[in-house]
Amino acid sequence: MGAVTAPIEIAPSILAADLLSLGDQVRACFEAGVRRIHVDVMDGHFVPNIALSAGHIAALRPLADEYGGVLEAHLMIDEPDRYLGDFRDAGSDIIEVHVEACPHLHRTTQRIRQLGAVPGVALNPATSLTTIDEILPEVDQVLVMSVNPGFGGQAFITGAVGKVSRLRATLNARGLGHVAIEVDGGITVANIEALAAAGTTVAVAGSSVFGGGCAVAANLAALRAAADQPGGRGSSW
């Protein structure tokens, strides 16, 4: 267990946004206090879907700059090394790659840092935490997938809570408590409290931010309130 920390950060995933009004919806997030926007990039090979690109990041960069925001590229693609420069040039502040897609993960994360971006490593629900043991000192954050990647709106895989808890314990034990833990997939007001208590730093939310028939600000407020319950960030981890 570590010390009490700041409230969990919400990172809206624009995969669930209305692309016809993407700028307005992202602005609404920033106006509601968000400072991190999550961009899911899919190639139809690593995952069975095609979505978003460096072009979306380039389009959002001026808006993010206006609010002092951070743009995070989650590369769910094969051979991500080929495109790291493109995503950095487009304005990505954080670039996350999947351990399953990187045979030379140390080289990849090193290249991300050389480009001036923050390196993060992501792992699928069935991928063991042991696969990132050697890379933990080289990254600034770990993305734990709580759905199988490829589509938004999926049901949360409850085993992710225990995975986060084990990862947080490992990071603390190794003196790597500064490494952020991000969770992506199926996050709602029903499970964000447990994720916060387990040690999640950043919660990626798509449908819970942009759906439900409510305004973005109202959805964000509901998520923050749920995460701030007694079992959430109010407790130590």
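None of the values given here were measured: they were computed from a predicted structure.
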(request) Group every Ile, Leu, Val, Met, Phe, Trp and Tyr by side-chain heavy-atom contacts under 4.5 Å, then state whether I112 and L71 land in the same group. (result) yes
(message) So does V204 get a backbone contact from the side chain of R36, meaning a donor-acceptor N/O pair under 3.5 Å?
(response) no
(message) A side-chain contact here means heavy atoms from C-beta on lying under 4.5 Å apart; do V164 and V183 qualify?
(response) yes
(request) Give a yes or no on whether the backbone of F46 and the side-chain of D43 come within a donor-acceptor separation of less than 3.5 Å. (result) yes
(request) For S92 and F87, indicate whether the former's side chain and the latter's backbone hold a donor-acceptor pair under 3.5 Å. (result) yes
(request) Decide yes or no for F156 and V161: does some side-chain heavy atom of the first lie under 4.5 Å from some side-chain heavy atom of the second? (result) yes
(message) For H104, is there any backbone N or O sitting under 3.5 Å from a side-chain donor or acceptor partner on T108?
(response) yes
(request) Work out which heavy atom in M42 is nearest to a heavy atom in N49; give both atom names and the distance. (result) CB-O, 3.3 Å
(request) Would you please say whether a donor-acceptor pair under 3.5 Å links the side chains of E96 and Q141? (result) yes
(request) Please round to the nearest 0.5 Å and tell me the distance separating atom CZ of R224 and atom CD1 of I192. (result) 9.5 Å
(message) For T201 and R168, which I'm curious about, is there any donor-acceptor pair between the side chains at under 3.5 Å?
(response) yes
(message) If we check side-chain contact (heavy atoms from CB on, under 4.5 Å) with L143, which of these qualifies: I181, V121, V99, D184?
(response) D184
(request) State, with a plain yes or no, whether a side-chain heavy atom of L52 is found less than 4.5 Å away from one of I57. (result) no
(message) Let me check something: do V34 and V189 share a hydrophobic cluster, defined by ILVMFWY side-chain heavy atoms less than 4.5 Å apart, either directly or through other members?
(response) yes
(message) I need the minimum non-hydrogen distance between P149 and V47, along with the two atoms involved.
(response) O-CG1, 3.6 Å
(request) Check whether any side-chain heavy atom of P119 lies under 4.5 Å from a side-chain heavy atom of I95, and answer yes or no. (result) no
(message) For a 4.5 angstrom cut-off between non-hydrogen side-chain atoms, does E79 reach C102?
(response) no
(request) Grab the two heavy atoms, one from V216 and one from C29, that are nearest each other, plus how far apart they are. (result) CG1-SG, 3.7 Å
(message) How long is the straight-line distance from OG1 of T158 back to NZ of K163, given to the nearest 0.5 Å?
(response) 12.5 Å
(message) Testing the 3.5 Å rule here: is there a donor-acceptor pair between the side chains of H45 and D78?
(response) no
(message) For L84, is there any backbone N or O sitting under 3.5 Å from a side-chain donor or acceptor partner on R111?
(response) no
(message) Please find the pair of heavy atoms, one from S207 and one from A16, that lie closest to each other, and give the distance.
(response) N-CB, 3.5 Å
(request) Look up atom CG in D40 and atom OG in S13, then write down how far apart they are to the nearest 0.5 Å. (result) 4.0 Å
(message) Could you measure the distance from the OG1 atom of T188 to the CD atom of E193? Nearest 0.5 Å is fine.
(response) 11.5 Å
(request) For H38 and E72, test the side chains for any donor-to-acceptor distance below 3.5 angstrom and give the result as yes or no. (result) yes
(request) Would you kindly confirm whether V147 and V202 end up in one hydrophobic cluster when ILVMFWY residues are joined by side chain heavy atoms under 4.5 Å apart? (result) no
(message) Within this structure, what is the CG-CG distance for the pair L167 and L136, rounded to the nearest 0.5 Å?
(response) 6.5 Å
(message) Would T170 and L129 count as a side chain to side chain contact (heavy atoms under 4.5 Å, CB included) here? Give the steps.
(response) CA-CA 10 Å; T170 295; L129 291 173; 5.8 Å; no
(request) Give a yes or no on whether E134 atom CD has more than 12 heavy-atom contacts from other residues, nucleotides or ligands under 6.0 Å away. (result) no
(message) Taking A205's backbone N and O only, do any of them form a donor-acceptor pair with S208's side chain (distance below 3.5 Å, no angle check)?
(response) no
(request) Indicate, with yes or no, if M145 and L195 share a hydrophobic cluster defined by side-chain heavy-atom contacts under 4.5 Å among Ile, Leu, Val, Met, Phe, Trp and Tyr. (result) no
(request) Going by the side-chain contact (heavy atoms from CB on, under 4.5 Å) test, name the single residue among D24, L22, D18 that passes it with L20. (result) D18
(message) Hydrogens and angles aside, do E182 and T200 bring a side-chain donor and acceptor to less than 3.5 Å of each other?
(response) no
(request) Give a yes or no on whether I94 and L63 share a hydrophobic cluster (residues Ile, Leu, Val, Met, Phe, Trp, Tyr; joining criterion: side-chain heavy atoms under 4.5 Å apart). (result) no
(message) Whether D93 and R61 form a salt bridge (side-chain N of Lys/Arg under 4.0 Å from carboxylate O of Asp/Glu) is what I want to check.
(response) yes
(request) Look at the side chain of N219 and the backbone N and O of G211, then say whether any donor-acceptor pair between them is shorter than 3.5 Å. (result) yes
(message) How long is the straight-line distance from OG of S53 back to OH of Y83, given to the nearest 0.5 Å?
(response) 12.0 Å
(request) Grab the two heavy atoms, one from N172 and one from G177, that are nearest each other, plus how far apart they are. (result) OD1-CA, 3.7 Å
(request) Go through the structure and list residues passing side chain to side chain donor-acceptor pair (under 3.5 Å) with R113, not counting sequence neighbours. (result) D140
(request) Please check if the side chain of T127 supplies one atom and the backbone of L123 the other of a donor-acceptor pair under 3.5 Å. (result) no
(request) Specify the closest pair of heavy atoms between P80 and L75, including all atoms of both residues, with the distance to one decimal. (result) CB-CD1, 4.2 Å
(request) Would you indicate whether the side-chain heavy atoms of L220 and V209 approach each other to under 4.5 Å? (result) yes
(request) Report yes or no: does S146 contribute a side-chain atom to a donor-acceptor pair with the main-chain N or O of I157 at less than 3.5 Å? (result) no
(request) Give a yes or no answer on whether the side chain of Q154 reaches the backbone of N148 with a donor-acceptor pair at less than 3.5 Å. (result) yes
